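Structure first, then comments.
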Amino acid sequence: MGSADASPVMRELVSRFADDPARVDAWTDSELYAEIVLAASVVAGGSPAGTWSDAAAERIGERMGAGWFAGVALTSPQLHHGPVPVVRVTNGDPRSVVGQKPRGALWTSSRLPDGSTGWSLLDHGREPVEVDFDPHEVRVHHLDGIKDYVRLVARHPRTVDGTAHVDWEAAATEFDAVHLTARGLLRIEGLVVDTPAGTACLTGWNAECTVWLRAPG
């Protein structure tokens, strides 16, 4: 992957290892995931990425294909921070970052190899609650690469002011959950992409997570 086709999060992460690409291999999966989350937060804040390094990008790509990062399947239990809400999904106003995400959904994250959750870096104030379900019974759409996001927008589009977004109410008729993997966070977040419904961009997810459009059970 070169800098031209890399997501903003990938470019920011690469810049963090550009001076010493070998450091990528010295970090545990949990530590490297924390760096991805930090890179996503920097991108969300509007800060530009620094130096690009093909060597660092290659090493990061190799890490994404191994260990915890290679696991795409949705595992049970998932973790939710705070009281578990009643799931009743509606669309918000996509002209805001919050409105681009479904209202009335349940958000969960997976456990990292060190036992913490995918949200633990973002939410220190609430204890995680386990959400159990049968993975074989869940209709889940995984966002692991940019094609997965394009496919979701194309299947359930909602166009506002010339830009394309997901119609979450329509998506809930097909899927129980949409899962953004750690690799998906790195590959998709902040990347503007063409879809049959117009240009689209996944923003504001910020962590490995699953949005439940229907209550798990």
Side-chain angles (χ1 to χ4, degrees), residues 1-16 33-50 52 57 60-61 64 69 72 74 89-109 118-119 121-122 140-175 177-213:
M1 173 184 286
S3 61
D5 56 357
S7 74
V9 179
M10 180 64 171
R11 291 198 296 269
E12 173 62 29
L13 184 65
V14 166
S15 73
R16 293 172 176 274
Y33 169 77
E35 284 296 300
I36 295 172
V37 172
L38 183 58
S41 69
V42 170
V43 169
S47 298
W52 177 265
I60 291 169
M64 292 302 104
F69 294 104
V72 175
L74 190 62
V89 167
T90 60
N91 289 318
D93 183 349
R95 286 169 290 196
S96 72
V97 172
V98 172
Q100 291 175 27
K101 296 184 284 187
R103 291 177 175 172
L106 167 66
W107 292 82
T108 65
S109 61
W119 272 356
L121 297 172
L122 306 173
V140 58
H141 182 81
H142 299 284
L143 297 177
D144 193 52
I146 193 62
K147 291 182 179 180
D148 301 321
Y149 179 58
V150 171
R151 189 161 54 250
L152 180 63
V153 174
R155 290 179 71 91
H156 303 292
R158 186 165 61 121
T159 303
V160 177
D161 294 339
T163 58
H165 307 271
V166 178
D167 184 332
W168 294 109
E169 294 176 17
T173 65
E174 181 180 6
F175 302 115
V178 175
H179 172 216
L180 179 67
T181 67
R183 290 191 304 199
L185 174 63
L186 180 63
R187 295 167 171 172
I188 305 171
E189 179 92 11
L191 182 62
V192 178
V193 62
D194 291 328
T195 78
T199 58
C201 182
L202 184 77
T203 56
W205 288 48
N206 301 334
E208 183 279 339
C209 58
T210 298
V211 58
W212 293 85
L213 309 178

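All of these numbers come straight from a predicted model, not from anything done at the bench. We use all heavy atoms of the structure for the numbers below, so side chains are in, but hydrogens, waters and symmetry mates are not.
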Between R187 and I146, is any pair of side-chain heavy atoms under 4.5 Å apart? no
Which heavy atom of P196 sits nearest a heavy atom of V150, and at what distance? CD-CG1, 4.5 Å
Any side-chain heavy-atom pair from Q100 and P94 closer than 4.5 angstrom? yes
Decide yes or no for E208 and R183: does some side-chain heavy atom of the first lie under 4.5 Å from some side-chain heavy atom of the second? no
Which heavy-atom pair separates I36 from F69 by the least distance, and what is that distance? CD1-CE2, 3.9 Å
Quick check against the 3.5 Å criterion: does T159 have a side-chain atom that pairs as donor or acceptor with the backbone of G162? no
How far apart are the closest heavy atoms of L38 and S41, and which atoms are they? O-OG, 2.6 Å
Please report the shortest heavy-atom distance between V43 and E12, naming the atom on each side. CG2-CB, 4.0 Å
To the nearest 0.5 Å, what is the distance between CD (E174) and NE2 (H156)? 4.0 Å
Residue pair L213 / P102: nearest heavy atoms and the distance that separates them: CD2-CG, 4.2 Å
Measuring from T108:OG1 to H179:NE2, what's the distance to the nearest 0.5 Å? 8.0 Å
side-chain contact (heavy atoms from CB on, under 4.5 Å), paired with T181, selected from T210, L74, D144: D144
Rounded to the nearest 0.5 Å, the NZ atom of K101 sits from the CH2 atom of W205 at a distance of 8.5 Å
Rounded at 0.5 Å granularity, tell me how far CG in L185 sits from CE in M10. 12.0 Å
Taking all non-hydrogen atoms of both residues, which atom of N91 and which atom of E169 are closest, and how far apart? N-OE2, 3.1 Å
Beyond-backbone contact of F175 with L152, side-chain heavy atoms, under 4.5 angstrom: yes
In sequence, state the C-alpha distance, the side-chain angles, and the governing distance for L202 and L180, and then conclude on side-chain contact (heavy atoms from CB on, under 4.5 Å). CA-CA 10 Å; L202 184 77; L180 179 67; 3.9 Å; yes
Beyond-backbone contact of I60 with L186, side-chain heavy atoms, under 4.5 angstrom: yes
Test side-chain contact (heavy atoms from CB on, under 4.5 Å) on R103 and T90; report intermediate values, then the result. CA-CA 5 Å; R103 291 177 175 172; T90 60; 3.4 Å; yes
Is V166 close to H141 at the side-chain level, that is, under 4.5 Å between some pair of heavy atoms? no
